Structures are given as C-alpha cells and as structure tokens.
2 protein chains.
Amino acid sequence: MPTVSSEELAAAAGVNSAKLRKDFSYLGSYGTRGVGYDVEYLVYQISRELGLTQDWPVVIVGIGNLGAALANYGGFASRGFRVAALIDADPAMAGKPVAGIPVQHTDDLEKIIQDNGVSIGVIATPAGAAQPVCDRLVAAGVTSILNFAPTVLTVPDGVDVRKVDLSIELQILAFHEQRKAGEDHGGTVPPAAAHQEPGEQGPDGDVPAVMPA
Amino acid sequence: MPTVSSEELAAAAGVNSAKLRKDFSYLGSYGTRGVGYDVEYLVYQISRELGLTQDWPVVIVGIGNLGAALANYGGFASRGFRVAALIDADPAMAGKPVAGIPVQHTDDLEKIIQDNGVSIGVIATPAGAAQPVCDRLVAAGVTSILNFAPTVLTVPDGVDVRKVDLSIELQILAFHEQRKAGEDHGGTVPPAAAHQEPGEQGPDGDVPAVMPA
DNA sequence: AGGTGTGAAAGGGTTCACAGCG
DNA sequence: CGCTGTGAACCCTTTCACACCT
C-alpha cells in the first residue's frame, strides 16, 4: 500500500477526515491531490517532526519492579529512545544486569548524566526518594523528567515534568463502570464528559479537566 | 484548613477559578457564598461522584515486572481498588506470592472472575497473549479493561478499553526537548501545541490529537 | 474524476463579570 | 463585604464545503 487517502487514515484513527487533513497541513503540504499521501514519505515527515529520528539517551532511576519493567520495555528503541543507564540507591543492585544493562549506584549519577549527554530522566523510585533524585538530575543537566513516583515534583523554570499515575486510568474505567451499572446520580455532567467514543483506547479526552488531589 | 475558596484551589491546580467553579457546579451546589467550600464535604462529594467510595475488585493478568509493579502499587487501595487476584500463564509462578497475593494460573481465570465479581481487568502480558486474555476476560464478565500490552485490543460493544503506552509520555517530553534545542523547523504548529503550561504535570492537553500508529 | 488544502461556518469549552446569597 | 453560581461574551477547535491541483 504505497499511498493512503485522508479518508482511510481518518477511518482507521476514528476521526474526521477534514481534521486529519488540517492537522497534517500544519506540518506542510505532504499530500498529492487526487492521489493521497505517500505512506513512506508521510511516516518519515511525522517521525521527524515528533523527534523520532533522533537518538535520545535516557536514564532510569529506581530499579524496582517498575524500573525493571521500563528497562525491558520494547517500545522505547523504536521511538528513538536508548536506555543509557540504570541507576539505583541499593548497593546490592550495583553491577547486576537488568535487561542486559548493569545497574549503577546513585553515587555516580552526575557522572553518568554528563558522560552520556542525557537530557531526559525517568524517575521510578519510591515517593520519598523522588524529589532528591529529581534535584540531582536537574543539577546534572537533565531538562525533562518523566515521574512515576506518587509525588508532585518541584523543578526550576525550563525543566519539563510529566507525571504518570498508574491508577488514574483505572479510575477513569471505574468512573464509566459506575455509570453503566447504577443510573441514579445527584449532579448533571455535560455530555462531553459522559462517555468516551467507542473505538478510541487512549489517554485523552473524556477526563475531567480539574481533579484536585 | 476547614474551608477553601475556588481562588485558592484554582491557584493550586493551575487553572482559572471560574472554570473550577463551573466544573463544581455540575456536581451540585456544594459551596457557601462568602465563605468557600467545606473541604471535607467537597472531598466526599467528589470522591463519590468519581466512584472512589466504592470497592472495585480488579484482576491483574500477566505477572512480569510490570504486573508485579502494579500489584505493589500503593495508590490503588486509596482509590477504592482492591487487587482480587493475580493471574499468570507460567505454571512456575502459580502459588508464589507477589505483593502478598498468591499468583494463580490462567486456567482458573473464568472461575476467579466470577467468584470475585470482577468487572475490571488489567492486562500486563506480552503483546501476543493480550488479545486471547482479553477475550477470556470479556467472556467471563469483565466490562472494563486497562491494557498495558503494546497491542490494540478488539472488544465487543459495551466493553471499555483504555490503553497505556509507557513510551508516549517520554515521546512528548522528547518532542518539547527537541524544540528547546534546535529552532529550525519545517512546518508551523498552532500555538496551543507549542508547549505545556508551567506548573502542570499531567497527561492531558498539549498532545497532537491525531497520531497514527 | 479524485482527493488535497483551506477559508468560512459551526460547535464547544473557557473566561468574564456580576447578580445574589450568606 | 466576600465568594459562589451562572448567563453571556469570547475564543479556540472541529467540521463543512469547495476551489484547485493532478
């Protein structure tokens, strides 16, 4: 299949074809009228725009179950991510290989970051260790942090943090599950929040915008 | 602190106070004019609306690193989730306790679901096993599935699926990282997508709406 | 013809601003 | 007087519809 139309892609993605064309148009004019989009060319252009063609060395700090799961996760390599190092505070872990990469001790964190030119760090430590680790990562030159620890991190301006809460997705499912069952609700919620569109399976839309901890 | 104003909550959440008040108004009139919101009462009302006051038994299928990390995750209990069972296809795992819960074999999946009245299942298996597991969960009565396997699942109408891709958040960070560094871009992207607001750390907004696999 | 690229219309969500209540 | 609750204004995103190119 050398070429696709916006109509076909839209159907596959579960969106309107006009939206898809408009979105693509922000990247440039990569389609051919009367024909569609050249698949290979389009994939390359989107990959480049998203930064998938670059090599991103990342470090994972905190090699418990979650850290190990991340280290073993196959999806990283294909998106341009390379696990440059695994770091843990437990001296007993040092030297042990996880996913083929030897775990290093937290003492060497700064050196590891600098030697590998790492700008993205993943924190998978317990809650208490997260902020100190974060501070050291930032001081060593990391400017983007993915945080799996159940804490809100404080960082200086110019540093991006994204927090992943493994229970939030479950909570969204439970929210809908609740509605499937009993239909006796106190309040009124606008239709947009009532239910996700069938077909989509992703973390977007359909989530209350404001949800205090 | 027995009471909060919408202004204070909005500042803490990094949003507009009017939005917060409007959002709350969909749940009912839980505030007091001239005073603010009674914290304890508000927390209860929001919890109830989100389904946090209920008990949600869940099963986790696939007890590798990720499954184990989920089983050990502390955040579930406080949100009303109870890990009713851990299930794995490896006979060697059967009986082994993970996070204090003995792992059970896939053969007993249907019985486990029914005995515990489980309606929410978590899939943390390898990609190949995900769809068969999903089918069995659904046949046994599960109506909401949280999928960590790198596959898009096919389910009948009435079943909700949410897919968590651990590399997508990393990709979003890399996208911004790329912009921090070089500023030579081919295309033009609308301002809303240019950068996340400082202060927020969540998986929402700021993500291209359409991103074909 | 067939399908992109895009101005213009429609729609939905956010913000303003203030009436109204404690 | 202070702060909620909310109609109305505003703005951004999505969709329509069609000119234009292949």
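Chain identifiers are assigned alphabetically (A, B, ...) following the order of the sequence lines, protein sequences preceding nucleic acid strands; residue numbering begins at 1 within each chain. Given the structure is predicted, the values throughout are model-derived calculations rather than measurements.
In this structure, A/E8 atom CD and C/dG2 atom P are separated by 14 Å, rounded to whole Å. Protein atom CG of A/L9 is 13 Å distant from nucleotide atom C1' of C/dT4, rounded to whole Å. Summarising the geometry, the separation between OH on B/Y30 and C1' on D/dC3 is reported as 19 Å, rounded to the nearest angstrom. In this entry the distance linking CG of B/L27 with C1' of D/dT4 reads 14 Å, nearest Å. Rounded to whole angstrom, the span from the OH atom of B/Y26 across to the C1' atom of C/dG12 amounts to 10 Å. Between the CG atom of B/L42 and the C1' atom of D/dT4 there is a distance of 13 Å, given to the nearest Å.
A/R82 is linked by a side chain to side chain donor-acceptor pair (under 3.5 Å) to A/D55, counting only residues two or more places apart in sequence or in another chain. B/N72 pairs by the side chain to side chain donor-acceptor pair (under 3.5 Å) definition with nothing, not counting sequence neighbours. Residues satisfying the side chain to side chain contact (heavy atoms under 4.5 Å, CB included) test with B/P132, not counting sequence neighbours, are none. The salt bridge (Lys or Arg N to Asp or Glu O under 4.0 Å) test applied to B/R136 returns B/E110, not counting sequence neighbours. By the side chain to side chain donor-acceptor pair (under 3.5 Å) test, B/D135 pairs with B/Q131, sequence neighbours left out.
No donor-acceptor contact under 3.5 angstrom links the side chains of A/Y44 and A/E40, judged on distance only.
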Using a 4.0 Å cut-off on protein heavy atoms (strictly under), produce a 5'-to-3' string for nucleotides 15-22 of chain D with B for base contact, S for backbone-only sugar-phosphate contact, and - for none.
-> BBB--BBS
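Residue contacts for A/S17: at a heavy-atom cut-off of 4.0 Å it reaches no nucleic acid atom on any strand shown.
Between B/S6 and D/dT4 there is a side-chain N or O to OP1 or OP2 distance below 4.0 Å. Between A/Y37 and C/dG5 there is a side-chain N or O to OP1 or OP2 distance below 4.0 Å. Close to C/dG5, at under 4.0 Å from its OP1 or OP2, lies no side-chain N or O of A/S25.
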